[in-house]
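Encoded as structure tokens, the structure appears first; notes follow it.
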Amino acid sequence: MSSRHLSRSIVMQSLYEWDFSGKKLDLKKIVEKNIKEFGPGLEDETFVWQLVAGVVEYLSKLDEIIEKAAPEWPIEQITIIDRNVLRIGLYELLFGKKEEVPPKVAINEAIELAKSFGGESSGKFINGVLGTVFKEVEKPKK
């Protein structure tokens with residue numbers, strides 16, 4: 001498993017735990033615990049902290065985009081796993097460094113997270129939402 005993929009997994013598990021608690025637990029402590037538990041071989045934690053900080057900073061904007069891209073799914077009705085995979089994927093797609101993580105890589109990584117942690121249809125759902133957003137972003141401006 002690549003260190004970036006492992007980092008994304010740790011971020012997803014941390015955001016899941018934080019979200020499950022109603023955002024009442026200390027996210028920093030959750031991330032530190034999950035790095036120790038799931039990433040003992042992780043050489044560089046920078047990407048983990050970058051993703052966590054980015055998702056938290058843009059949380060309300062990310063949720064707004066999810067609601068527009070999946071209008072039949074209010075944010076609180078999306079499973080906690082799918083919701084947080086979408087947040088990570090959208091953050092990388094829209095606000096991340098494109099030279100480090102091209103859009104198609106961000107989408108593919110999110111789909112892989114959804115397949116690993118989510119339900120049977122999570123991969124398709126994540127692909128649909130991120131694909132919709134990507135098409136909007138890539139549209140030529142008139």
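Keep in mind that this is a model prediction, so the values were computed, not measured.
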Checklist entry - Step by step, would you call Ser3 with Asp44 a side-chain contact (heavy atoms from CB on, under 4.5 Å)? => result CA-CA 8 Å; Ser3 68; Asp44 187 7; over 6 Å; no

Item to check | Residues Phe47, Leu6; criterion side-chain contact (heavy atoms from CB on, under 4.5 Å); working and verdict | outcome: CA-CA 10 Å; Phe47 190 59; Leu6 177 59; over 6 Å; no

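By the salt bridge (Lys or Arg N to Asp or Glu O under 4.0 Å) test, Lys98 pairs with no residue at all, sequence neighbours left out. Residues that satisfy the salt bridge (Lys or Arg N to Asp or Glu O under 4.0 Å) test with Lys135, not counting sequence neighbours, are absent from this structure.
For Lys33, the NZ atom counts as densely surrounded, since its 6.0 Å shell holds more than 12 non-hydrogen atoms of other residues, nucleotides or ligands. In Phe20, the CZ atom is not crowded: 12 or fewer heavy atoms of neighbouring residues, nucleotides or ligands sit closer than 6.0 Å. Summarising the local packing, NZ of Lys29 is surrounded by 12 or fewer heavy atoms from other residues, nucleotides or ligands at distances under 6.0 Å.
Of all heavy-atom pairs spanning Leu93 and Pro103, the tightest one is CD1-CB, 3.5 Å. Residue Ile78 comes nearest to Arg83 through the heavy atom pair O-NH1, 3.2 Å, listed as atom of the first residue, atom of the second, then distance. Closest non-hydrogen pair, Gly89 versus Ala106, comes out as O-CB, 4.3 Å. For Phe125 against Leu86, the heavy-atom pair with the smallest separation is CE2-CD1, 3.7 Å. The two atoms that bring Trp18 and Leu59 nearest to each other are CH2-CD2, 4.0 Å, heavy atoms only. Taking every heavy atom of both residues into account, Gln50 and Tyr91 meet most closely at O-OH, 4.1 Å.
Note that CG of Leu94 is 5.0 Å distant from CD1 of Ile65, once rounded to the nearest 0.5 Å. Rounded to the nearest 0.5 angstrom, Leu51 CG and Ile10 CD1 are separated by 11.0 Å. Atoms CG and CZ, on Leu62 and Phe95 in that order, are 5.5 Å from each other to the nearest 0.5 Å. Note that OG of Ser14 is 8.0 Å distant from CZ of Phe38, once rounded to the nearest 0.5 Å. Asn34 CG to Gln13 CD: the interatomic distance, rounded to the nearest 0.5 Å, is 6.0 Å. If you take CZ on Arg8 and CD1 on Ile88, they are separated by 9.0 Å, rounding to the nearest 0.5 Å.
Here the side chain of Asn84 pairs a donor or acceptor atom with the backbone of Ile80 at under 3.5 angstrom.
Between the side chains of His5 and Glu109, a donor-acceptor pair is found at a separation under 3.5 Å.
Between Glu92 and Lys97 there is no salt bridge, since no side-chain N of the basic residue sits under 4.0 Å from a carboxylate O of the acidic one. Salt-bridge check for Glu32 with Lys28: passed, with a basic side-chain N closer than 4.0 Å to an acidic carboxylate O.
Val85 pairs with exactly one of Leu90, Val11, Val129, Ile126 by the side-chain contact (heavy atoms from CB on, under 4.5 Å) rule, that one being Ile126.
Using a 4.5 Å heavy-atom threshold, the side chains of Ile111 and Lys124 count as separate.
Sorted by first and then second residue, the side chain to side chain donor-acceptor pair (under 3.5 Å) pairs involving residues 63-82 (not counting sequence neighbours) are Asp63-Arg87, Thr79-Asp82, Asp82-Ser122.
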